[in-house]
Structures are given as C-alpha cells and as structure tokens.
*Asks:* 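Before anything else, here's the structure in question.
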Amino acid sequence: MSDKKSSIDSKRALRLDGWGFVGESFAVSPALLDWLAARLGDKSEALPSFDPEAFRAPEPAPVPELGCAASTDAFDRLAHARGRGFPDLVHLRSGTVARLPDAVARPGDETELQSLLDAAQKHGLRIVPWGGGTSVTGGVNAPAGAAPVVTVDLGGFSGLESLDEESGLAVFGAGTIGPRIEAALGDRGFTLGHFPQSWELSTLGGWIATRSAGQESLGYGRIESMVAGLDLTAPGGRLEIPALPASAAGPDLRQLVLGSEGRFGVITRATMRVRRRPEHQRVEALLVPDWASGVEASRSLVQAGLPLSMLRLSDAPETEVAMAVGLGKSAWAPLARAWLRLRGIGTNSCLMLLGAGGTPSRIDACFERAWTLLRPHGAVSLGAGPGRHWLADRFRHPYLRDSLLDLGLATETLETAAPWSRLGHLYRAVGRALAGSGSRRELVVPVLCHLSHPYRDGASLYFTFFFRCPRDPDEAVAHWARLKRRATDAIVAAGGTLSHHHGVGSWHAPWLPHEAGESGWRALRRLAQELDPRGVLNSRVLLDRTDRLEE
Ligand SMILES: Cc1cc2nc3c(=O)[nH]c(=O)nc-3n(C[C@H](O)[C@H](O)[C@H](O)COP(=O)(O)OP(=O)(O)OC[C@H]3O[C@@H](n4cnc5c(N)ncnc54)[C@H](O)[C@@H]3O)c2cc1C
C-alpha cells in the first residue's frame with residue numbers, strides 16, 4: 001500500500017491502490033469470513049497490495065504547453081489513472097495499469113480550462129475530466145492509443161461561491177467534495193442532502209456528470225432534481241444555464257449535461273437547490289417475513305407519500321450477512337432471534353431500514369404512519385440500534401472491499417431499477433445470471449441484493465456478489481468481465497435500466513443503444529460532435545460501443 005497527497009484533501013493522504021484514506025480500514029468480521037468460507041471454501045490466496053518500490057511508470061508522451069499548471073510526476077499520474085471499480089483495484093494493486101495519463105492538468109479557472117481545451121484540439125490530445133476519481137464504470141480511465149492523454153483534476157474549481165438563503169440556492173465549484181459542501185452549508189444551517197456512499201471523495205461535478213443518487217434520495221431526490229443551473233466549458237463553446245425554478249422555454253438543457261460523463265464538456269460550477277438542515281435524524285430497523293412481503297411493504301410506504309428520507313430493504317442473504325456482521329455481535333442477539341421465531345419471522349426474513357428527518361414530533365408522526373402500513377405485512381421492529389450502527393459506518397463500508405482483497409476474496413456491486421411490476425422478475429434474472437455457474441468452486445458466486453431509492457412507480461435493485469479472486473490480475477479481471485457481461489445482459493433483457501446511478505462510463509457503453517434506441521443514441525452522438533467537434537473529451541465513455549471490460 002502506498003499513498004499520495006491529493007488535491008482533494010491536502011491534509012489526508014489517499015490510498016493509491018484502494019478506497020479512501022491511508023490508515024482507514026474496515027475489518028472483515030469473523031462472522032462474515034465464516035459465511036464466505038462456507039460458500040467459497042477457505043483456500044483463498046492473499047492478493048498482494050501495490051509495491052511502490054517495484055513500480056516503474058512508462059515515460060510520459062511529450063505534451064505541449066497546456067495553459068495551466070500540470071504535472072508529469074509518476075505517482076500523480078498513477079493516482080489519476082483509474083477509477084475504483086473491481087478491475088481498477090486489481091490493476092492498481094498488481095502494478096499492471098496499462099495506460100497512465102501523460103500529464104495531470106490543474107486549471108484554476110475557466111480561462112485556463114479553455115486554453116487547455118484549445119491546446120487539446122490543436123495538438124490532438126485526449127482529455128479526461130476527473131472529479132474524485134470514484135467512477136465504477138471505467139469513466140476516468142486513461143484511454144489506450146497513440147494520442148497523449150491529459151487528465152484534468154478539477155480540484156481548482158472548489159468551494160462555495162454564494163448562498164441565496166431566501167431562495168435556497170447555493171453556487172458551488174464543480175470540484176467540491178461532499179464533506180466540503182456539507183461543511184460550508186452546515187455553517188449556515190443548510191444541507192444539500194446528497195450522500196452517495198462515495199461522498200467523502202466524490203465531487204459535485206462528478207455527481208452531475210453521472211446522474212448520481214444519494215442514500216437519502218427518497219427525501220431529497222436525485223442529483224438531477226437538485227441542479228437549478230450550471231456552467232459547462234466545451235471545446236465547441238460554453239453553456240451557461242441560468243438557475244430558474246422552472247421553465248417552459250424549450251427542452252431542458254440541464255438534462256443534456258446531467259449524465260454527459262465528461263463527453264460533452266467540463267462542468268465548472270452549479271447552482272444547487274439546498275434545504276434547511278433537519279434538527280434530528282432517525283433510522284429504524286425492522287424485519288419482514290420474506291422478500292415478497294418486504295417489496296410490497298416498501299411499495300405501500302412510498303405510494304402513501306410518507307415523508308421518509310430513506311428506505312432500504314435487504315433480501316434474505318443480505319439480511320443473514322447483516323445480522324451476522326452487525327446484530328449478531330450484540331449479547332441479546334440469540335434472545336432476539338428466539339423472540340422473532342415466536343413472532344413467525346424465520347430464516348427468509350428481510351431487514352428493512354427506514355430513515356426520517358425533522359423535528360422529533362415530525363419523525364414520530366412519520367414512523368407512526370409507517371407502522372400502520374407495515375403491520376399488515378408482518379413487520380417486527382428491531383428498534384433504532386441497527387440504524388445507528390449503519391449511519392455510523394455508512395461511509396466506511398467501501399473499505400471492506402480492500403480488506404477482502406487482502407484475503408484473496410473479491411466483491412463487486414452492480415445496480416439497476418425497474419417499475420414495481422417488473423422488479424420481481426428483474427431480481428430473479430440478475431441473481432440467476434450471477435449465481436448460476438455450475439458446481440466448480442471457483443465459479444460459485446454468492447449474491448446479495450437490496451432494494452433502495454424507491455419511487456412511486458418503481459425502485460432500484462443493488463446487487464453485491466463475491467468470488468475467490470484469482471491471483472493473476474488478467475485472470476481476475478476476465479472472470480469479473482464474464483460475470484459483468486452476464487449480469488448486464490440479464491438486466492437489459494429483463495427490462496431494467498442499464499444503471500440507476502453509477503452511470504454508463506466505458507464499461508456499460510456497448511449496451512446504451514438498448515435503452516436510448518438507435519435514433520436516440522445517434523442524436524446524442526451528434527450533440528457530442530457539436531460541443532466537441534474533434535472528439536478530444538473522454539471519447540471512450542458513453543457513446544463508444546467497444547467492449548472494454550477487460551482493459
Ligand atoms: C465505494 C463506492 C461507492 C459509491 N456509491 C455511490 C452511490 O451511493 N451513489 C452514486 O450515485 N454513485 C456511487 N458511486 C459511484 C461514483 O462515486 C459516482 O459515479 C460519483 O458521482 C462520481 O463522482 P466523482 O467526482 O468521483 O467523479 P469521477 O469518478 O471523477 O468521474 C465520473 C465521470 O464524470 C466525469 N466528470 C467528473 N467531473 C466532471 C466535471 N466537472 N465535468 C464533466 N465531467 C466530469 C468523468 O470524466 C467521468 O466520466 C460509488 C463509487 C464507489 C467507488
């Protein structure tokens with residue numbers, strides 16, 4: 001393991017080959033290890049972490065004058081070479097990243113950014129906009145090829161520029177990370193309310209570029225409902241979309257920038273709708289007898305319009321893991337289980353977490369209404385303890401991936417969404433695609449799932465799967481790619497969206513025409529040509545149909 005100071009946070013060093021900050025970790029509990037050993041065997045071989053002494057960076061291709069600060073330092077280039085999906089971690093750990101950017105540029109304002117884009121057009125450079133680098137879709141990976149690659153770290157566009165308290169509108173630089181947004185707003189009693197699990201490292205521009213969804217999207221909405229206006233600098237021109245509460249002046253240009261993943265231009269600032277920070281927050285846990293009753297209960301809560309901020313329903317395997325890892329630790333767990341069995345809650349039971357914020361009386365009233373809807377589905381309360389656990393650890397869970405890889409165990413996630421009427425079919429289809437692998441031990445893939453981000457008309461499904469990680473990096477990535485292809489084919493065939501919140505990147509791009517339709521896909525391509533006529537911006541994401549899962 002090694003570290004590198006990042007422009008994101010000058011005080012804490014970022015881990016180069018894994019998630020988050022150096023010195024932070026999330027240990028694999030003995031209960032989880034037992035659970036995995038029962039399914040995958042206990043013969044995993046530890047996966048070594050990155051050895052900085054052995055690392056030899058390829059010589060960078062010469063880059064012309066870029067019109068802004070730029071670095072060709074080998075570790076800076078490595079720190080900006082890959083996102084944080086499974087293949088990224090494998091290649092970073094093993095020192096087998098095929099392509100590093102040739103330079104990392106750090107423009108300080110729009111004029112410098114424009115000069116950089118002019119230089120890219122003139123000299124045929126490839127430009128990769130980089131927010132926090134937390135992409136899990138190959139969205140920030142330096143593209144292979146002869147053209148020099150310049151990754152643009154947007155840390156120079158950071159901070160609160162203004163807050164209009166009367167309207168609840170805050171202007172932030174696009175490179176501002178989650179904690180800085182909340183700290184700046186919190187000082188004035190406001191919140192954005194956008195808390196993706198990657199919150200500590202990801203940026204406002206990255207959230208907008210990928211149509212991100214935070215864990216409290218049920219209360220605060222997805223990022224697209226929070227963006228009132230924004231500025232985009234593109235090689236072909238600038239878009240300055242004014243912040244208006246609503247408009248009927250033609251198609252909504254914001255929606256073209258949302259989800260554009262650095263392909264149409266670089267978002268430099270955005271005006272965000274912010275709210276008064278709630279006085280209190282409570283997350284309650286409960287069990288329902290099985291997945292089907294949990295899905296029905298979730299639907300009834302959301303369609304009744306309860307003012308909940310979060311709803312998360314784990315399926316039975318995810319519940320088993322959560323109980324073993326969290327609840328199972330408490331002294332009263334055996335008693336609780338016996339009591340639950342008496343109440344008819346058995347091994348298929350599913351854990352639900354419900355969150356609400358506001359004044360204590362508003363929260364009480366919300367949960368009171370929730371319980372009148374939950375009781376007919378056989379729900380049994382577990383109180384506020386597990387919810388407190390979850391809130392305390394919610395941004396630490398990603399460290400578990402690295403701890404598992406240390407033990408030679410791989411875990412990866414994927415997500416989708418569909419209308420309620422198709423959710424059951426989608427759940428079964430993806431589970432089968434991932435787990436249906438025959439009897440060979442190395443192909444066994446335990447799968448967990450939870451429903452979250454519910455809407456009146458449907459919800460997101462989020463799958464976590466595990467496999468024994470081959471020590472050879474190419475073999476590990478090839479195995480992951482097979483699973484990813486199978487699952488993505490299943491998602492598309494079952495009528496789910498290609499992505500509910502991770503975005504398209506380069507890994508999902510070959511499937512985009514299934515969802516956008518050929519005409520829609522061509523229209524998006526023409527728009528990219530208008531804003532970026534020479535194709536210098538992140539050309540491998542979104543609209544490139546080449547299968548790049550193994551790169
Ligand atoms: C552990 C983990 C947990 C995650 N949890 C969530 C979650 O709960 N919800 C969720 O939505 N996502 C989640 N993600 C995915 C990821 O964090 C999101 O996609 C996030 O929005 C990316 O933000 P970023 O600043 O890191 O962007 P980056 O990874 O740097 O970039 C992502 C894409 O946006 C482009 N881009 C970045 N900034 C700009 C800009 N200013 N202008 C134009 N293009 C830009 C990049 O070129 C790239 O295509 C998670 C990822 C990890 C690793």
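In listed order, ligands and their atoms are each counted from 1. Atom set for the values below is all heavy atoms of this structure, side chains included, hydrogens, waters and symmetry mates excluded.
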*Asks:* Are R222 and H500 close enough that a side-chain donor and a side-chain acceptor fall under 3.5 Å?
*Replies:*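 Yes, H500 and R222 have a side-chain donor paired with an acceptor closer than 3.5 Å.
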
*Asks:* Could you tell me whether some N/O pair between W130 and ligand 1 is separated by less than 3.5 angstrom?
*Replies:*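 Such a contact does not occur with ligand 1.
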
*Asks:* May I ask you to check whether W199 and W207 place their ring centres under 6.0 Å from each other?
*Replies:*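 No: the rings miss the under 6.0 Å criterion.
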
*Asks:* For atom 38 (N) of ligand 1, find the nearest protein heavy atom and state the residue, atom name and distance (0.1 Å precision).
*Replies:*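 The protein heavy atom lying closest is G206 N, 3.5 Å.
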
*Asks:* Does ligand 1 have any atom sitting under 4.0 Å from a heavy atom of G133?
*Replies:*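 So G133 counts as touching ligand 1.
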
*Asks:* Judging by distance only, is a nitrogen or oxygen of N538 under 3.5 angstrom from one on ligand 1?
*Replies:*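 Yes, N538 has an N/O under 3.5 Å of an N/O on ligand 1.
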
*Asks:* Are any of the N/O atoms on A213, whether in the backbone or the side chain, positioned under 3.5 angstrom from an N/O atom of ligand 1?
*Replies:*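 A213 vs ligand 1: N/O contact under 3.5 Å present.
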
*Asks:* Would you say S135 and ligand 1 have an N/O pair spaced under 3.5 Å apart?
*Replies:*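 Min N/O separation from ligand 1 is below 3.5 Å for S135.
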
*Asks:* Nearest protein heavy-atom contact for atom 34 (O) of ligand 1: which residue, which atom, what distance?
*Replies:*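 Going atom by atom, the protein heavy atom closest to atom 34 (O) of ligand 1 ends up being A209 CB, 3.4 Å.
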
*Asks:* Salt bridge between R238 and E110, side-chain N to carboxylate O under 4.0 Å?
*Replies:*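 Salt bridge flag = yes for E110 with R238.
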
*Asks:* Other residues, nucleotides and ligands only: do more than 12 of their heavy atoms fall within 6.0 Å of CD on E550?
*Replies:*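 Correct, the count exceeds 12.
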
*Asks:* Would D17 and R15 pass as an ion pair if we require N to O under 4.0 Å?
*Replies:*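 Yes, D17 and R15 are salt-bridged.
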
*Asks:* Is it the side chain (CB and beyond), the backbone, both or neither of F157 that lies under 4.0 Å from ligand 1, heavy atoms counted?
*Replies:*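 Neither; no heavy atom under 4.0 Å.
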
*Asks:* Going by heavy-atom distance to atom 11 (O) of ligand 1, choose the closest among G175, G259, S202, S212.
*Replies:*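 Looking at heavy atoms only, the winner is S212.
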
*Asks:* Can E24 and R12 be counted as an ion pair, charged N to O under 4.0 angstrom?
*Replies:*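 Result for this pair is yes, salt bridge flagged.
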
*Asks:* If you measure every N/O of A174 against every N/O of ligand 1, is any gap under 3.5 Å?
*Replies:*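 It does not: no N or O of A174 is found under 3.5 Å from an N or O of ligand 1.
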
*Asks:* If you measure every N or O of R401 against every N or O of ligand 1, does any of those distances drop under 3.5 Å?
*Replies:*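 No.
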
*Asks:* Who's the nearest protein heavy-atom neighbour of atom 2 (C) of ligand 1, and how far?
*Replies:*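 Looking at atom 2 (C) of ligand 1, the protein heavy atom closest to it is S198 CB, 4.1 Å.
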
*Asks:* May I ask you to say whether E224 pairs ionically with R254, meaning some side-chain N is under 4.0 Å from a carboxylate O?
*Replies:*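 Salt bridge: no.
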
*Asks:* Tell me the protein heavy atom at minimum distance from atom 41 (N) of ligand 1, and give that distance in Å.
*Replies:*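 Nearest protein contact, heavy atoms only, for atom 41 (N) of ligand 1 is I267 O, 3.0 Å.
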
*Asks:* Counting only heavy atoms, which portion of T134 has something under 4.0 Å from ligand 1: side chain, backbone, both, or neither?
*Replies:*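 Both backbone and side chain.
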
*Asks:* Among all protein heavy atoms in this structure, tell me which lies nearest to atom 33 (C) of ligand 1, with the distance rounded to 0.1 Å.
*Replies:*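 Going by distance alone, atom 33 (C) of ligand 1 is nearest to T210 CG2, 3.7 Å.
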
*Asks:* Could an N or O of ligand 1 be found under 3.5 Å from any N or O of V128, whether backbone or side chain?
*Replies:*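 No, no N or O pair falls under 3.5 Å.
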
*Asks:* Can you find an N/O atom of L201 closer than 3.5 Å to an N/O atom of ligand 1?
*Replies:*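 No.
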
*Asks:* Using a strict 4.0 Å threshold on nitrogen-to-oxygen distance, state whether R525 and D544 make a salt bridge.
*Replies:*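 Between D544 and R525 there is no salt bridge, as every charged N stays at least 4.0 Å from the carboxylate O atoms.
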
*Asks:* Using only atom types and a distance under 3.5 Å, with no angle test, would you say the side chain of S71 pairs donor to acceptor with the backbone of D73?
*Replies:*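 The answer is yes, because a donor-acceptor pair under 3.5 Å joins these two groups.
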
*Asks:* Does NZ or CZ of R93 lie under 6.0 Å from the centre of the six-membered ring of F50, at an angle within 45° of the ring axis?
*Replies:*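 Verdict for F50: no cation-pi partner in R93.
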
*Asks:* Is there a polar contact, in the sense of an N or O pair closer than 3.5 Å, between G132 and ligand 1?
*Replies:*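 Min N/O separation from ligand 1 is below 3.5 Å for G132.
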
*Asks:* Students should be able to answer this: which protein heavy-atom is nearest to atom 31 (O) of ligand 1, and at what distance?
*Replies:*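 Going by distance alone, atom 31 (O) of ligand 1 is nearest to V140 CG1, 3.5 Å.
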
*Asks:* So, regarding G131 and ligand 1 (criterion: nitrogen or oxygen to nitrogen or oxygen, under 3.5 Å), is there a contact or not?
*Replies:*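 Yes: some nitrogen or oxygen of G131 is under 3.5 Å from one in ligand 1.
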
*Asks:* Can R545 be said to sit on top of W521's aromatic six-ring, NZ or CZ under 6.0 Å from centre and within 45° of the ring axis?
*Replies:*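 Satisfied, under 6.0 Å and within 45°.
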
*Asks:* Answer yes or no on whether R394 is positioned over the face of F195, meaning its NZ or CZ is under 6.0 Å from the six-membered ring centre and within 45° of the axis.
*Replies:*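 Yes, R394 and F195 form such a contact.
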
*Asks:* May I ask which of G205, S460, G265 has a heavy atom nearer to atom 43 (C) of ligand 1 than the others do?
*Replies:*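 When every heavy atom of G205, S460, G265 is considered, G265 comes closest to atom 43 (C) of ligand 1.
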
